[in-house]
Amino acid sequence: MSRPSRRDFARLAGAAGAGAATAPLLGPFAIAQAELKVVVVGGGAGGATVAHYLKIGAPEIDVTLIEANPIYSSSFFSNPYLGGLRTLESLNHSYAGLRRLYVWVVNDIATDVNPARKTVRTRGGRTYTYDRLVLSPGIDIKYDAIAGYSPDAAARAMPHAYTTNAAQKRLLRHQLLQMHDGGTVAMVMPASPYRCPSAPYERACMIAHYLKTRKPRSKLVILDPKKEFSEQALFEEAFSRYYKGIIELNLSNEVDDFAVASLNPATREILTKAGKRVRADVANVIPPQRAGEIAAHAGCTDGDWCPIHPESFMSRNVPDVYVLGDAAVAADMPKSAFSANSQAKVVATDIIAALNNTDRSEPHYRDACWSLVAPDDSVKFSADYAPGGGKLVASNAFVSQPGEPADLRRQNYQDSVAWYASITADMFAKHARAPGPADAGRPSAPAEH
Ligand SMILES: Cc1cc2nc3c(=O)[nH]c(=O)nc-3n(C[C@H](O)[C@H](O)[C@H](O)COP(=O)(O)OP(=O)(O)OC[C@H]3O[C@@H](n4cnc5c(N)ncnc54)[C@H](O)[C@@H]3O)c2cc1C
């Protein structure tokens, strides 16, 4: 297999419109790369990208990626699936490209980290040693935050459909298809901070689009513990322009608290703290969230999330461990795939710079998020971020405005579709070449320790 050059690394780090670290000047390696072991837990927007960029920048580093699922089912772009505008299969991505780069992809669940011994244990009973550990486990759902909710309630009756679990998305879509015309869909919105600030409201638009086109006598009742939400003016404009009479938005205020007090999965009844009772035919419950559990086992969490150094996404709590993506506290930087992909390039660059003994240059991060409010009508938020005063500070923020012309919104939508293709190619190294004759004899599995 021909190896990508360092120049390729710098070029690709800026590719895909996905933001980039400023690549350090890569000097000769200070220590033998073949001895270096990086273990990455979580093969999503953050972890898969780190694995890819480590292999581009320093192919001899031994990179093991521990990922629970053999196929990644993206959360991003799952809302158009719920609205009937995309298939579930179109969200699937394999790890074949990363394997072609000799990332050791292990399908297993990391259950424990021993920072003193620098080891990761898995449910399958294996132990992997690391010089650097990268955690990008995404979110876990706080089931016990809502009385009556549980993993079983989610799996059977009231899906959250908010993680990489494909069965959750399929269940919610199936329930929408099964519901009679004239039924009530309820959405329980999450308390902040949560994965992708605009995603629940994009989802409301996509579910309402499905109801409007297939079951027009039905209603969507939104119960929100918050007083306001991301890009509210844009979504409220869409609710009234496209979904008048379908969406009922209940935002909390000084008098009414629409946080859920309790729910009953058997009857799909939801009771809010303000005393509003909704008997739903379909209930999409998106509870509060926390960093993926392995981050707590590694000692990286303070409360629900993981504090990091904004220059590198190195954990503030545990040496030689990076935490990125949704699990990290990235100040104003939204928990998004775009953000995680951008952070991943900084992490890979930082690991390689440390190994090379070269100076790190100032990192730059970027986020951009599109939300589809109706077919061919996407709104957009974007910003740049840089470390400042111990956190990440936003600049150059852009947000769509209400009342924009249809052709601009259509262009946004086309940009978002192009972005989905490019970020998933970038995460999973889809363009990596197949191994060649020079690779004969290389081992085909990571060493255990
Ligand atoms: C409905 C919805 C719409 C969204 N839309 C957008 C959008 O338009 N644009 C955008 O940028 N973002 C969007 N997002 C957010 C985006 O999906 C996340 O921010 C992003 O995936 C975070 O990346 P991550 O690496 O932190 O986690 P993930 O991508 O979720 O990856 C985490 C991975 O870790 C694995 N894992 C976890 N724990 C373990 C363990 N112990 N052992 C092994 N494997 C483990 C999981 O299986 C998973 O594959 C959306 C999210 C949702 C829910």
Side-chain angles (χ1 to χ4, degrees), residues 18-19 39-51 64-83 91 93 95 105-113 120-124 128 134-141 160-166 168-169 172 190 193-204 206-207 284 286 289 291-298 305-306 313 323-328 330 333-344 347 366-372 378-382 416-417 419-420 423-424 427-428:
V39 173
V40 181
V41 176
T49 310
V50 171
T64 300
L65 173 62
I66 303 175
E67 164 54 46
N69 299 305
I71 295 290
Y72 179 79
S73 166
S74 72
S75 300
F76 45 108
F77 270 53
S78 63
N79 288 329
Y81 160 66
L82 295 173
L91 307 175
H93 304 278
Y95 293 92
V105 181
V106 175
N107 283 135
D108 204 343
I109 295 176
T111 50
D112 203 13
V113 174
V120 180
R121 278 187 61 76
T122 68
R123 185 174 287 172
Y128 299 94
V134 178
L135 300 178
S136 193
I139 54 160
D140 269 350
I141 299 292
H160 54 73
Y162 217 68
T163 64
T164 51
N165 181 328
Q168 278 286 294
K169 298 165 198 150
L172 181 53
Y194 59 91
R195 161 171 281 189
C196 197
S198 57
Y201 306 94
E202 179 192 57
R203 176 173 294 179
M206 288 294 95
I207 291 178
N284 175 210
I286 310 175
Q289 297 152 28
E293 192 166 356
I294 190 65
H297 289 307
W305 307 100
C306 304
F313 278 74
V323 186
L324 73 157
D326 290 357
M333 198 171 180
K335 296 183 187 303
S336 76
F338 202 121
S339 295
N341 176 265
S342 173
Q343 295 158 7
V347 170
R366 183 160 174 75
D367 177 50
C369 265
W370 292 264
S371 298
L372 186 60
S378 279
V379 295
K380 181 183 174 185
F381 166 84
S382 66
S416 76
V417 172
W419 168 77
Y420 186 84
I423 191 177
T424 51
M427 287 163 59
F428 298 107

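Remember, it's 1-based here, ligands and their atoms both numbered in the order they're listed.
In terms of heavy atoms, Arg203 sits closest to His160 at NH1-O, 3.0 Å.
Taking the six-membered ring for Trp and thresholds of 30 and 60 degrees, Trp419 and Phe77 have ring planes inclined between 30 and 60 degrees apart. Ring orientation note: the planes of Phe428 and His93 are close to parallel, at an angle under 30° on the 30°/60° scale.
Note that CG of Asp326 is 8.0 Å distant from OG of Ser75, once rounded to the nearest 0.5 Å.
Ser342 places no side-chain N or O within donor-acceptor distance of the main-chain N or O of Phe338, the cut-off being under 3.5 Å.
Sorted by chain and number, the heavy-atom contacts of ligand 1 below 4.0 Å come from Val41, Gly42, Gly43, Gly44, Ala45, Gly46, Ile66, Glu67, Ala68, Asn69, Tyr72, Ser75, Phe76, Ser78, Asn79, Asp108, Ile109, Ala110, Ser136, Pro137, Gly138, Tyr162, Thr164, Arg195, Cys196, Ala199, Arg203, Ile294, Gly325, Asp326, Lys335, Ser336, Ala337, Phe338, Ala340, Cys369, Trp370, Trp419.
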### Message
Between Thr424 and Tyr72, is the side chain to side chain contact (heavy atoms under 4.5 Å, CB included) condition met? List the steps.
### Response
CA-CA 10 Å; Thr424 51; Tyr72 179 79; over 6 Å; no
